[in-house]
Amino acid sequence: MKKLIQGTVMALLLFTFSPPTKAQVDTTRFTNHGSQLFASMIQGSVFAKGPNGRALVYTVVRGEPAHLLGYDVETRELLIDQALPKADGAWDLAQSSDGTIYAPGANGSLFAHTPGTQEVRDLGVVLEGENYLWNLTAGVDGEVFGATYPGCRVFRYHPEDGFSDVGKGPLVEKENYVRSLAFYPKTGMLYAGVGSKAHLIELNPKTGEKKELLPEKFKNYEFVYGLEIVPGVDGNDRLFALITNGSITLVYNLKTREFEQEIEGMDMRAITGDPNGKAVYLTSKSQLKRFDPAKNYQTAEVLGEEIGTALAFHYAEDGKVYFLTSGANLFSFNPKDNSLSKNKLQIPGQPIPIHSLVTGPDGKIWSGGYLAGGNAAYDPKTGKSTFLPGLDQTEGMSVLGDKIYFGIYPKGKFYVHDTKSDWAPKEGNPKFLGQFENQSRAFAHAVLKDKNQVVFGMIPEYGKLGGALVKFDEQTEKLDYFPSPVEKQAIAGLAYTGDYILVGTTISGGLGVAPETKEANLVGWNPDTGEKLFDLIPVPGATALTGFLNMPDGSIWGMGDGQLFIFDPKSRQVKSVTKLFDYPPFKSHIWRSAFMVLHPDGNIYGTDWEKLFKLDPKTLEFTELAKEAALLVMGEDGTLYFKRKTELWSFRP
């Protein structure tokens, strides 16, 4: 049946081409409403030695750009606050043996900073083709090692030698992430955690020789997400390795080369061990704990409550244990009397990128933030924005009646907010609706007003192909789950025809897995029964179908890799396909791309591939209006709103 439909559609396709028109655009019609979302979310952190042995702690606050912050541990004075150009954050920091602080940069570059100065140096791209850096770890003699994506590589940097690929290619073929690293000075070996299918690799950085250590029973886990080495008695030093999904920390004895324990519930962002090898300090479920690494973790004693999650630990020469938490609290623990002190670091707030937009039932322009989360509501009548904390990263929003529905990352959670009541997450507004295992991100939404239902299109978890459709019914308050109607494809576009849901797929899955299909499908789907009604290819070769728009004549318009397709829901046929602009080659994934709205002036306005455009629905004349534009919604008065990084912009047609 599918081949028959495809053949019929291919015979009916009408290919046309409309080159972009160079038009004079009135720039006074554009207004910058400023950054909407702010956060003081800190990530990569490290304790370091400064000039004259001064104790310092460094961290990176997310933003556009992110900022490197350095504090005096004793006085908590902010000593450095420098932007990391083009970087929006950094997952790790490391201090090399020569005292240099290293931080991951933007687009696969590495930054360097010398304590006692105000300078941050961009050292350039670590390895060609590697566009993201994760963990860093210091080696010997001033060298530093780093973990990369998407080539699953490990690099070395030395001020005299520059960059080199010490793994001599991917640590594991067909994997994308080296997510964690640890260096063992006694042997000169590196330990690397890989995902999105978990591997623990012992790497000789001088020869490139690799050895898999992860026990077979953990091979179906997602990531070896964190690695730390602590000293032990009589040379029984230990490697702690956090593996996900689920949260299990494996303890590997580097002397005996045996796995000794499986620990559940450790935060494992950071741990430390005292030099005599008899104690490990860590945070777990917001508690500070200590245990003897030679003994079972169940013997751990609780040293403090309501601590948070440690980002960095340091065992000082005076025997005190210092640690910085994700809540920017700097703690000091004295083992001599078990005393614990806490001081709050003042983290300068930074603007964060807008990640989602919707026009709310209250007429406000609602936005969601990346990566720190949070939401904001801009009131066009007053010109004021209200920041609304409480939710994680919003991937997509939709409106039904007076309510806004949210698809939240991570772990594919769903929430609903009643705009007639105050925003109060702790009191249940927004209200948590549920989630489904192995699903991660709900970008695409369809509202079925006549049924009082919302359908969400899902992208799966890391390393997985095949999304899902999730239906929420307001009357029953029930979530129903349906596997993707196209095997090994996720959901990128949704529209309600009045009779069925039109589903546009993407060949992409979660991060860390390559597609196994070649082109996106257009599917008719019955939301009552979950039945697939038809399945066709509207744009041959397109990797994702996005930007669905219901038109007054009942047709549905959408985009596939820079090509506009027009679909008739009644005949279930594609009426035409028109190339609007050149689309870049597929790289790692496409989850969403185009956004389109029909304006009262009769034109279609849209964003796609960082441009705002106008489209005449009669002639299909395409006009590019502005660059650096993404997302798109229309306000109640016809004003169009889009985002430029952290800023909300509007355009009055």
Side-chain angles (χ1 to χ4, degrees), residues 43-48 60 90-97 100-105 108-112 123 126-127 130-158 163-172 175-214 222-230 237-244 249-252 254 268-273 311-313 512:
Q43 292 183 297
S45 304
V46 68
F47 286 88
V60 174
W91 286 97
D92 201 13
L93 297 176
Q95 184 176 37
S96 64
S97 59
T100 305
I101 300 293
Y102 290 95
S109 65
L110 185 69
F111 288 118
L123 302 175
V126 301
L127 297 173
E130 301 305 291
N131 57 34
Y132 208 90
L133 310 184
W134 294 102
N135 272 117
L136 303 174
T137 189
V140 297
D141 300 327
E143 67 185 355
V144 67
F145 299 96
T148 78
Y149 168 93
C152 195
R153 297 187 177 188
V154 173
F155 71 88
R156 174 186 183 265
Y157 174 78
H158 190 278
F163 295 107
S164 59
D165 180 359
V166 296
K168 304 184 187 309
L171 292 201
V172 179
E175 293 296 343
N176 297 127
Y177 291 85
V178 177
R179 186 58 184 80
S180 51
L181 275 181
F183 178 77
Y184 190 37
K186 289 184 179 180
T187 61
M189 290 292 187
L190 277 168
Y191 294 88
V194 171
S196 58
K197 292 291 190 301
H199 296 267
L200 176 59
I201 304 297
E202 183 181 68
L203 170 67
N204 186 326
K206 295 183 186 282
T207 67
E209 183 182 358
K210 312 172 187 73
K211 182 178 181 179
E212 172 71 75
L213 299 180
L214 193 67
E222 290 178 355
F223 284 89
V224 175
Y225 203 80
L227 292 172
E228 295 281 352
I229 294 176
V230 299
D237 305 332
R238 291 170 174 87
L239 174 72
F240 285 68
L242 172 67
I243 57 174
T244 62
T249 299
L250 304 182
V251 182
Y252 179 72
L254 292 163
M268 260 298 293
R269 296 279 188 93
I271 63 176
T272 194
L311 299 180
F313 268 100

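Atom set for the values below is all heavy atoms of this structure, side chains included, hydrogens, waters and symmetry mates excluded.
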> With no hydrogens and no angle check, is any side-chain donor or acceptor of Ser180 less than 3.5 Å from a backbone partner on Val224?
Replying inline: yes

>> Quick check against the 3.5 Å criterion: does Asp92 have a side-chain atom that pairs as donor or acceptor with the backbone of Asn135?
In response: no

>> Restricting to non-hydrogen atoms, name the atom on Val251 and the atom on Phe240 that form the minimum distance, rounded to 0.1 Å.
In response: CG2-CE2, 3.7 Å

>> I'd like to know if the side chain of Glu202 and the backbone of Lys210 have a donor-acceptor N/O pair within less than 3.5 Å.
In response: no

>> Has Ser164 got a side-chain atom pairing as donor or acceptor with Val166's backbone, closer than 3.5 angstrom?
In response: no

> Which salt bridge (Lys or Arg N to Asp or Glu O under 4.0 Å) pairs, counting each pair once, include a residue from residues 176-200, with sequence neighbours left out?
Replying inline: Lys186-Asp237

>> Considering only residues two or more places apart or on different chains, which pairs with a residue in residues 148-157 satisfy salt bridge (Lys or Arg N to Asp or Glu O under 4.0 Å)?
In response: Glu143-Arg156, Arg153-Asp165, Arg156-Asp161

>> Among residues at least two apart in sequence or on other chains, which ones pass side-chain hydrogen bond (donor to acceptor under 3.5 Å, both in side chains) with Arg269?
In response: none

>> Between Thr137 and Ala182 (side chain of the first, backbone of the second, donor and acceptor by atom type, cut-off under 3.5 Å), is there such a pair?
In response: no

> Run the side chain to side chain contact (heavy atoms under 4.5 Å, CB included) check on Trp91 and Tyr132 step by step: do they pass?
Replying inline: CA-CA 10 Å; Trp91 286 97; Tyr132 208 90; 3.0 Å; yes

> Are the side chain of Glu212 and the backbone N or O of Leu214 linked by a donor-acceptor pair below 3.5 Å?
Replying inline: yes

> Are the side chain of Thr244 and the backbone N or O of Glu222 linked by a donor-acceptor pair below 3.5 Å?
Replying inline: no

> Looking only at heavy atoms, which two atoms of Phe47 and Gln95 are closest? And how far apart?
Replying inline: O-OE1, 4.3 Å

> Just by distance, do the side chain of Thr272 and the backbone of Ala270 share a donor-acceptor pair under 3.5 Å?
Replying inline: no

